[in-house]
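Below is one structure, written out as structure tokens; the observations come after it.
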Number of protein chains: 2
Amino acid sequence: MMLNFEVAKEIILSNAETLPEMTISVNESFGFVLSEDIITDRDFPDTKKSAVDGFAVKLSDGNQYKIVRTIAPGELVELRLEKGETVFVMTGAVVPDDADAVVRVEDCEVKGDWLTVHCSVRIGDNINQVGEEKRAGEKVIEKGSIIDERVYPVLFYLGLKKVKVFKKPKVGIFTTGDELLDIGSEYKKGFVFNTNRYIVESVLRKLNIPFEYYGNVKDDEIAVSRALKEMSEKYDVLISSGGISMGKYDYIKKILNEESYEILVNKTRIKPGSPLMVAKNKKCVIFGMPGYPAAFFTNLVLYFLPYIKKVTGKKDYDHNFVKVELGSDMHSREKSDYFNRANIMLENGKYIAYDLDSQKTSHFINFVNCNGLVRIPQGVGNVEKGYIAEAILFEKEMK
Amino acid sequence: MMLNFEVAKEIILSNAETLPEMTISVNESFGFVLSEDIITDRDFPDTKKSAVDGFAVKLSDGNQYKIVRTIAPGELVELRLEKGETVFVMTGAVVPDDADAVVRVEDCEVKGDWLTVHCSVRIGDNINQVGEEKRAGEKVIEKGSIIDERVYPVLFYLGLKKVKVFKKPKVGIFTTGDELLDIGSEYKKGFVFNTNRYIVESVLRKLNIPFEYYGNVKDDEIAVSRALKEMSEKYDVLISSGGISMGKYDYIKKILNEESYEILVNKTRIKPGSPLMVAKNKKCVIFGMPGYPAAFFTNLVLYFLPYIKKVTGKKDYDHNFVKVELGSDMHSREKSDYFNRANIMLENGKYIAYDLDSQKTSHFINFVNCNGLVRIPQGVGNVEKGYIAEAILFEKEMK
């Protein structure tokens, strides 16, 4: 039974189980997803610190202070300041507990051991107070956050050495199709070069998820059956390409239907790429993807991406649709959700989506100019320039 | 002399020189930037192909056709169809030259060797024509494109084995500050953990640019001078952290000013992080960055990112400012461009930017909730909810 996009996605997501957690060194954690909330174990800062290069003063009636010493960052000085005394403190240096304020060097004059302050000083000026950034025990990062370019350095900043993260899934892929050539081969007329293997590779590189390529399995029922069985026992997620149409050699469809696989999805009402099959063997979820690269890429973005992000434990795993205005007419048909590849540009603060030269499933080269998919929902049909649609932006999804 | 943001960026960008090109295997090209236009060397497709599983027919007056054989994808069959003959062709299979159209299996009935067609057939139906996707000699990818998740698979699709790309720069980094602890160390009161090293690491991982960390150089003039000299001779780009303020141990500033370095930028009129120094030694550009992680991160995004993207040869190297509406009041002062860290959300198709709990330069933890920087330009001062500003979105820049 052909499923609607949202229904198929829901079924697939309900089969996405996160893997067990593990403890790893913060050094190795880039790209993993936290399986614990991160709580500070001390105040930030845990001593009063100077926000500037300047003089920490214990306020007196006049504007003259005696300079008693210098404190560099990292120095912990046990020192009582008397009224009218000052110490030179560098940015980030610990300020003596009983200093009232720090005065910037720009606002002072030094003669020998004596400082003259040329500005008005309020208590607390230029001092970072204990715990002002965070108090010990506060939650600072939520479980389910990906350790990206913001979170990764903060883990070091907090002084953590190890963190708990979700294990990453093992993703396997095989391709089918006797017409496929791989990169080492000379071109032969009528053949096509293996592309889907590299679509998976690059998308998973973006997501920091490793994968293994099993090879291209020849169009032979026994070989395909064996590949499906072996790999679905070895990997958490399996992606195959081709073999799910109505052709004589479309063995993946045949085998998933006939052998002991649980079928989750068989065709979805989208274009391009309706003949997707998703099945399960014990714990492995198998994505039987269509062979045309445009259809393969589209299904990867629509179904596999939210699925694999949920498996990795990411709290924001679902699509972030953005509102776009069409900059050109777009084709669709009423009976499917059309996901038209588009070049989506920000113009005066609005996303404008331009159609590409072709939306044919058999064409793929124009993906180089495609940064998102515009959804024209079922029942709408062709739409004109100015139509407001929802779109998936790759830059928002592949992270 | 303190420079305005745009002026400083312009000076830095004018010192960004791309490196020589090299030829590499397509397999290794992910994350590189093309130094050549990519031109197709043949038609796509280069034979007529079937878009569906169906029957390639040579039209006759009736709706009965004699099935003469099956053609699988990759098979090149020398065959002349006579009027009233048909062959079964799978999706992607080569269609005999003299076939008029392909009829979907769903629209046919087969009895023995005979096919009955149950729909009207027009010439060209379901056939992908020679060269319809691209003609031999057409430009398909522009020089300066990054080989990302769209371009990478297309290179394989085109059957390329090698491509010309710009060499990647060698980026070196060292940190300064005796108060810095690295991840192996036990925490000591008053100290801070090295964070900037990991900011660079994660941002460069996003950009697929390798870097080497030299270590933390102690606050000693000779040691800092040696590190600057050694590393600026070894790397194309050098990043240092700390040592550029007005404190006694701010040796980087002192050395860049006194020794034979050409100063390009000395302080920029931005917050946070105005004390940036950019200098040059022969071919190496040195970014002397402020030590506070928030200031370091901001300068990395504002100046280093467009610089390094230009060095790698990327045609779109400059910032993509997006228009945002403030969802909360924001602080700034008239004399600087303020780059407030913000959480920027898409709401009803508009970007709404929310202030974070603190904008203090000495605070860094809230970067985990920061996905962009909102620019409040010089001369504006504090702004209120509803104000329309420009913002830098990390997801748009770090790719």
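So that the names make sense, note that chain A is the first sequence line, chain B the second, and so on, each numbered from 1.
Note on A:Lys206, A:Glu133, A:Glu179, A:Lys323: by heavy-atom pairs under 4.5 Å with chain B, the leading option is A:Glu133. Heavy-atom pairs under 4.5 Å with chain A peak, among B:Phe394, B:Tyr152, B:Phe44, B:Tyr187, at B:Tyr187. For chain B, the option among A:Arg104, A:Glu186, A:Lys360 with the highest count of heavy-atom pairs below 4.5 Å is A:Lys360. The choice from A:Phe191, A:Phe364, A:Phe367 that makes the most heavy-atom pairs within less than 4.5 Å of chain B is A:Phe364. With chain A as partner, the option from B:Gly184, B:Ser202, B:Ser185 having the largest number of non-hydrogen pairs under 4.5 angstrom is B:Ser202. Chain B forms the most heavy-atom pairs under 4.5 Å with one residue out of A:Asn348, A:Asp178, A:Thr40, A:Asn371, and that residue is A:Asn348. If you tally non-hydrogen atom pairs under 4.5 Å between each of B:Glu395, B:Glu75, B:Glu390 and chain A, the highest count goes to B:Glu395.
Contact of A:Thr361 with chain B is not made at all, since no heavy-atom distance falls under 4.5 Å. Both the backbone and the side chain of B:Ile183 come within contact range of chain A, with heavy atoms under 4.5 Å apart. With a 4.5 angstrom heavy-atom cutoff, A:Glu201 touches chain B only via side-chain atoms. Looking at B:Arg197, there are no atoms closer than 4.5 Å to chain A (heavy atoms on both sides), in backbone or side chain. Contacts between A:Val94 and chain B at a heavy-atom distance below 4.5 Å involve the side chain alone, from C-beta outward. Residue A:Lys189 touches chain B through both its backbone and its side chain, counting heavy-atom pairs closer than 4.5 Å. Interface remark: A:Arg205 contributes side-chain atoms only to the contact with chain B (heavy atom separation under 4.5 Å). Looking at B:Leu346, only its side chain comes within 4.5 Å of chain A, counting heavy atoms on both sides. If you measure heavy-atom distances from B:Asn27 to chain A, the contacts under 4.5 Å come from both the backbone and the side chain. Only the side chain of A:Thr47 comes within contact range of chain B, with heavy atoms under 4.5 Å apart. Contacts of B:Leu160 with chain A are made by backbone atoms alone, with heavy-atom separations under 4.5 Å and no side-chain atom involved. No part of A:Pro45 comes within reach of chain B, as not one of its non-hydrogen atoms sits under 4.5 angstrom from that chain. Contact of B:Lys49 with chain A is made through the side chain alone, with heavy-atom distances under 4.5 Å.
Every residue meeting the side chain to side chain contact (heavy atoms under 4.5 Å, CB included) condition with B:Asn320, not counting sequence neighbours, appears here in chain and number order: B:Lys396, B:Glu397. Checked against side chain to side chain contact (heavy atoms under 4.5 Å, CB included), B:Glu325 has the following partners two or more places apart in sequence or in another chain: B:Lys350, B:Ile352, B:Ile388.
When ring centroids are compared, A:Phe193 and A:Tyr198 stay outside the 6.0 Å threshold.
Nearest heavy atom pair, residue B:Val368 against residue A:Arg150, reads O-NH2, 3.8 Å.
A salt bridge links B:Lys134 with A:Asp357; the closest basic N to acidic carboxylate O contact falls under 4.0 Å.
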